[in-house]
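Keep in mind that the numbers below use all heavy atoms, side chains included, and drop hydrogens, waters and symmetry copies. Given the structure is predicted, the values throughout are model-derived calculations rather than measurements. Along the sequence shown, residues carry numbers from 1.
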Amino acid sequence: MKKKRFYNNKKRNTKWTEPVKGRKIYFADKYIDDGTGSDKFNNRRKKEKKPFFTKKRAEDFLKYAIVAVCSFAIISVGYTAMDFYIQRRTLPLDSIGQNQQDELSSINITVKSQRVDSLSLDGGVMLSAVIDDVVNSGYSSVTFDLKRDDGTIAYDSSLATVDMYDAEASIATDLEKSVSEFVANDILPIGRISCYKDNVAAGGDLTSGITVNGKLYEDSDGNNYLSPKSENAYNYIKSIVEEAKNMGVSVFVLDNCSLPNELTEIYGGGYKNLASRLQNDFGSDVKFLEGVSVSITSDNKKGIEQQWNNIIKSNDTKNKIITITAKDSQKVKEFLDNKNVVNYIISK
């Protein structure tokens with residue numbers, strides 16, 4: 001009887017029905033430290049190369065790119081808004097002297113100002129319209145006359161000398177409240193004073209005005225002048241500054257400080273002498289700026305540039321505030337901003 005075997009070769013070289021598990025065994029496997037999982041020969045193994053730009057990497061790259069672009073946009077908008085806030089919402093500081101004093105009188109300020117009619121400073125409806133116009137036009141300050149070129153006083157004054165000269169005309173009915181509203185809206189209020197050119201006080205008090213042979217001096221345009229040597233004239237200007245200061249004005253433009261050439265040698269004058277004396281009396285509470293009045297009649301870019309170049313050539317504008325009467329104030333402002341001019345007052 002033939003002996004039965006328990007195995008045969010019928011299923012040799014056939015695959016198992018159970019799927020293969022694990023990995024292919026290499027010769028170096030015997031050097032693996034048991035229990036640690038480290039393989040010092042792993043770097044010698046042939047590894048499958050995967051494509052660099054997989055779907056997951058592409059999604060991650062797109063996500064990071066979007067985050068970077070959004071972050072850059074937010075930062076750019078933030079810096080732009082901050083720059084606009086600094087220009088519109090703060091006192092426009094330019095530089096501080098070498099001694100780094102914090103006093104207002106020692107600080108150089110940049111003035112990009114709109115000149116407004118004092119009559120509109122009523123503390124009410126007209127003032128609100130002025131504030132909206134100043135903000136929408138991109139100015140950081142507003143300038144108004146305290147004493148005009150003809151000598152009239154442009155605000156409701158309680159000074160006895162103003163009453164004596166009957167100098168008030170087209171006044172700001174509530175200057176103090178208007179100044180307070182400007183400050184509340186982060187607008188720097190600036191008072192302008194025509195110092196020596198004066199057709200009212202000079203005629204009302206001959207001891208203050210310049211006379212020639214007992215008669216009040218008149219220039220070719222019929223203008224009269226206060227004498228820089230007169231204490232009454234100085235005290236008159238000083239009292240206007242003091243009254244406006246008490247109403248909240250801290251920055252003043254002193255204009256028409258020079259006399260006609262034929263009078264300068266006799267009476268002197270000039271901005272430096274007057275400003276120095278006023279600064280000595282008021283200390284660091286106020287800031288005085290020298291004004292230069294000019295006119296730009298053109299309303300096109302080429303004409304504005306030509307007239308501006310003529311103004312620069314014929315006037316000493318260094319460290320001075322240029323008060324411009326303009327035909328098109330917005331175009332003149334755009335031109336000056338593009339030229340990086342930082343000190344100007346523009347009136348319509």
Checklist outcome for this item: Between Leu175 and Met247 the two heavy atoms that sit nearest each other are CD2-SD, 3.6 Å
Item to check | Residues forming a side chain to side chain donor-acceptor pair (under 3.5 Å) with Asn232, sequence neighbours excluded | outcome: Thr207
Checklist entry - Atom CG of Asp186 and atom OG of Ser140: how far apart are they, to the nearest 0.5 Å? => result 11.0 Å
Item to check | Close side-chain approach of Ile187 and Val135, heavy atoms under 4.5 Å | outcome: yes
Donor-acceptor pairs under 3.5 Å, side chain of residues 161-168 to any protein atom, not counting sequence neighbours: which ones?
residue: Glu168; atom: OE2; partner: Ser157; partner atom: N; Å: 2.8

Checklist outcome for this item: Rounded to the nearest 0.5 angstrom, the CD1-CD distance for Ile296 and Gln306 is 11.5 Å
Next on the checklist: How close do Pro228 and Ile210 get, counting heavy atoms only, and between which atoms?
Outcome noted: CD-CD1, 4.4 Å
Next on the checklist: Return the CG to NZ distance between Asn338 and Lys333, rounded to the nearest 0.5 Å.
Outcome noted: 9.5 Å
Next on the checklist: Measuring from atom CD of Glu334 to atom NZ of Lys339, what distance do you get when rounded to the nearest 0.5 angstrom?
Outcome noted: 15.0 Å
Checklist entry - Is NZ or CZ of Lys245 both nearer than 6.0 Å to the six-membered ring centre of Phe282 and within 45° of the ring axis? => result no
Checklist entry - Between Lys287 and Leu289, is any pair of side-chain heavy atoms under 4.5 Å apart? => result yes
Item to check | Check: Val286 main-chain N/O paired with Gln279 side-chain donor or acceptor under 3.5 Å | outcome: yes
Next on the checklist: If only side-chain N and O atoms count, and only distance matters, is there a donor-acceptor pair under 3.5 Å linking Thr297 with Gln307?
Outcome noted: yes
Checklist entry - For Asp174, does its backbone N or O pair with a side-chain atom of Ser178 as donor and acceptor, under 3.5 Å? => result yes
Checklist entry - What do the steps show when you test Leu121 against Tyr155 for side chain to side chain contact (heavy atoms under 4.5 Å, CB included), and what is the final call? => result CA-CA 9 Å; Leu121 306 184; Tyr155 66 97; over 6 Å; no
Item to check | Heavy-atom check, side chain of Thr143 versus side chain of Gln114, under 4.5 Å | outcome: no
Checklist entry - Can you name the closest pair of heavy atoms from Tyr196 and Gly270 and give their distance? => result CE1-N, 4.3 Å
Checklist entry - At their closest point, which heavy atom of Leu226 faces which heavy atom of Lys147, and how far apart are they? => result CD1-NZ, 4.3 Å
Next on the checklist: On a heavy-atom basis, which atom in Leu216 and which in Ala202 lie closest, and how many Å separate them?
Outcome noted: CD1-O, 3.5 Å
Checklist entry - Between Ser227 and Gly209, is there a donor-acceptor pair closer than 3.5 Å when you use the side chain of the first and the backbone of the second? => result no
Checklist entry - Between OG1 of Thr152 and CG of Asn199, what distance do you get to the nearest 0.5 Å? => result 9.5 Å
Item to check | Residue pair Pro189 / Val183, side-chain heavy-atom distance below 4.5 Å | outcome: yes
Next on the checklist: For the residue pair Arg115 and Phe144, would you count it as a cation-pi contact if the rule is NZ or CZ under 6.0 angstrom from the ring centre and within 45 degrees of the ring axis?
Outcome noted: no
Checklist entry - Between the side chain of Ser137 and the main-chain N/O of Asp133, is any donor-acceptor distance below 3.5 Å? => result yes
Checklist outcome for this item: Interatomic distance, OG@Ser347 vs CG@Asp117, rounded to 0.5 Å, equals 10.5 Å
Can you give each donor-acceptor pair under 3.5 Å made by side-chain atoms of residues 322-330, sequence neighbours left out, with the distance rounded to 0.1 Å?
residue: Asp328; atom: OD1; partner: Gln330; partner atom: N; Å: 3.4
residue: Asp328; atom: OD1; partner: Lys331; partner atom: N; Å: 3.2

Item to check | Distance-only donor-acceptor check, side chains Tyr225 and Glu218, under 3.5 Å | outcome: no
Item to check | Heavy-atom closest contact (Val134 atom, Ser141 atom, distance) | outcome: CG1-O, 4.1 Å
Checklist entry - Shared ILVMFWY cluster between Ile304 and Val294, side chains joined below 4.5 angstrom? => result yes
Checklist entry - Is a salt bridge present between Lys197 and Asp219, judged by a nitrogen-to-oxygen distance below 4.0 Å? => result no
Item to check | ILVMFWY cluster, Val142 and Ile131 together (side-chain gap under 4.5 Å) | outcome: yes
Checklist entry - Would Phe335 end up clustered with Val341 when hydrophobic side chains under 4.5 Å apart are linked, directly or stepwise? => result yes
Checklist entry - Is a side-chain donor or acceptor of Asn309 paired with a backbone partner of Glu305 at a separation under 3.5 angstrom? => result yes
Next on the checklist: Given 3.5 Å as the limit, does a donor-acceptor pair link the side chain of Asp198 with the main chain of Val200, or not?
Outcome noted: yes
Next on the checklist: Before you tell me yes or no, could you show the steps for Val253 and Ile193 under side chain to side chain contact (heavy atoms under 4.5 Å, CB included), namely the whole-Å CA-CA distance, both residues' side-chain angles and the distance that decides it to 0.1 Å?
Outcome noted: CA-CA 6 Å; Val253 172; Ile193 300 175; over 6 Å; no
Checklist entry - Are Asp337 and Tyr344 linked by a side-chain donor-acceptor pair shorter than 3.5 Å? => result yes
Checklist entry - Quick one: does Asp145's side chain have a donor or acceptor within less than 3.5 Å of a partner on Arg148's backbone? => result no
Next on the checklist: So does Ala233 get a backbone contact from the side chain of Ser230, meaning a donor-acceptor N/O pair under 3.5 Å?
Outcome noted: yes
Next on the checklist: If hydrophobic clusters are built by linking Ile, Leu, Val, Met, Phe, Trp and Tyr wherever their side-chain heavy atoms come under 4.5 Å apart, do Leu159 and Tyr234 end up in the same one?
Outcome noted: yes
Checklist entry - Are Tyr236 and Asp205 close enough, and set up right, to give a side chain to side chain contact (heavy atoms under 4.5 Å, CB included), and what steps lead you there? => result CA-CA 11 Å; Tyr236 182 49; Asp205 180 8; over 6 Å; no
Next on the checklist: Working note: Ile240 + Ile153, criterion side chain to side chain contact (heavy atoms under 4.5 Å, CB included); need CA distance, chi angles, decisive distance, verdict.
Outcome noted: CA-CA 9 Å; Ile240 294 172; Ile153 299 301; 3.7 Å; yes
Checklist entry - Which ILVMFWY residues can you reach from Ile66 by hopping between side chains whose heavy atoms are under 4.5 Å apart? => result Leu62
Item to check | Lys320 atom NZ, neighbour heavy-atom count above 12 within 6.0 Å | outcome: yes
For residues 254-269, which side-chain donor-acceptor pairs fall under 3.5 Å, sequence neighbours excluded?
residue: Asp255; atom: OD2; partner: Arg192; partner atom: NE; Å: 3.3
residue: Asp255; atom: OD2; partner: Arg192; partner atom: NH2; Å: 3.1
residue: Asp255; atom: OD2; partner: Ser293; partner atom: OG; Å: 2.6
residue: Asn256; atom: ND2; partner: Asp149; partner atom: OD1; Å: 3.0
residue: Asn256; atom: ND2; partner: Ser194; partner atom: OG; Å: 2.8
residue: Glu262; atom: OE2; partner: Tyr217; partner atom: OH; Å: 2.4
residue: Thr264; atom: OG1; partner: Leu259; partner atom: O; Å: 3.3
residue: Thr264; atom: OG1; partner: Pro260; partner atom: O; Å: 3.2

Checklist outcome for this item: residues 119-128 vs side-chain hydrogen bond (donor to acceptor under 3.5 Å, both in side chains), sequence neighbours excluded, gives none
Checklist entry - Are any side-chain N or O atoms of Asn315 and backbone N or O atoms of Ile311, one a donor and one an acceptor, separated by less than 3.5 Å? => result yes
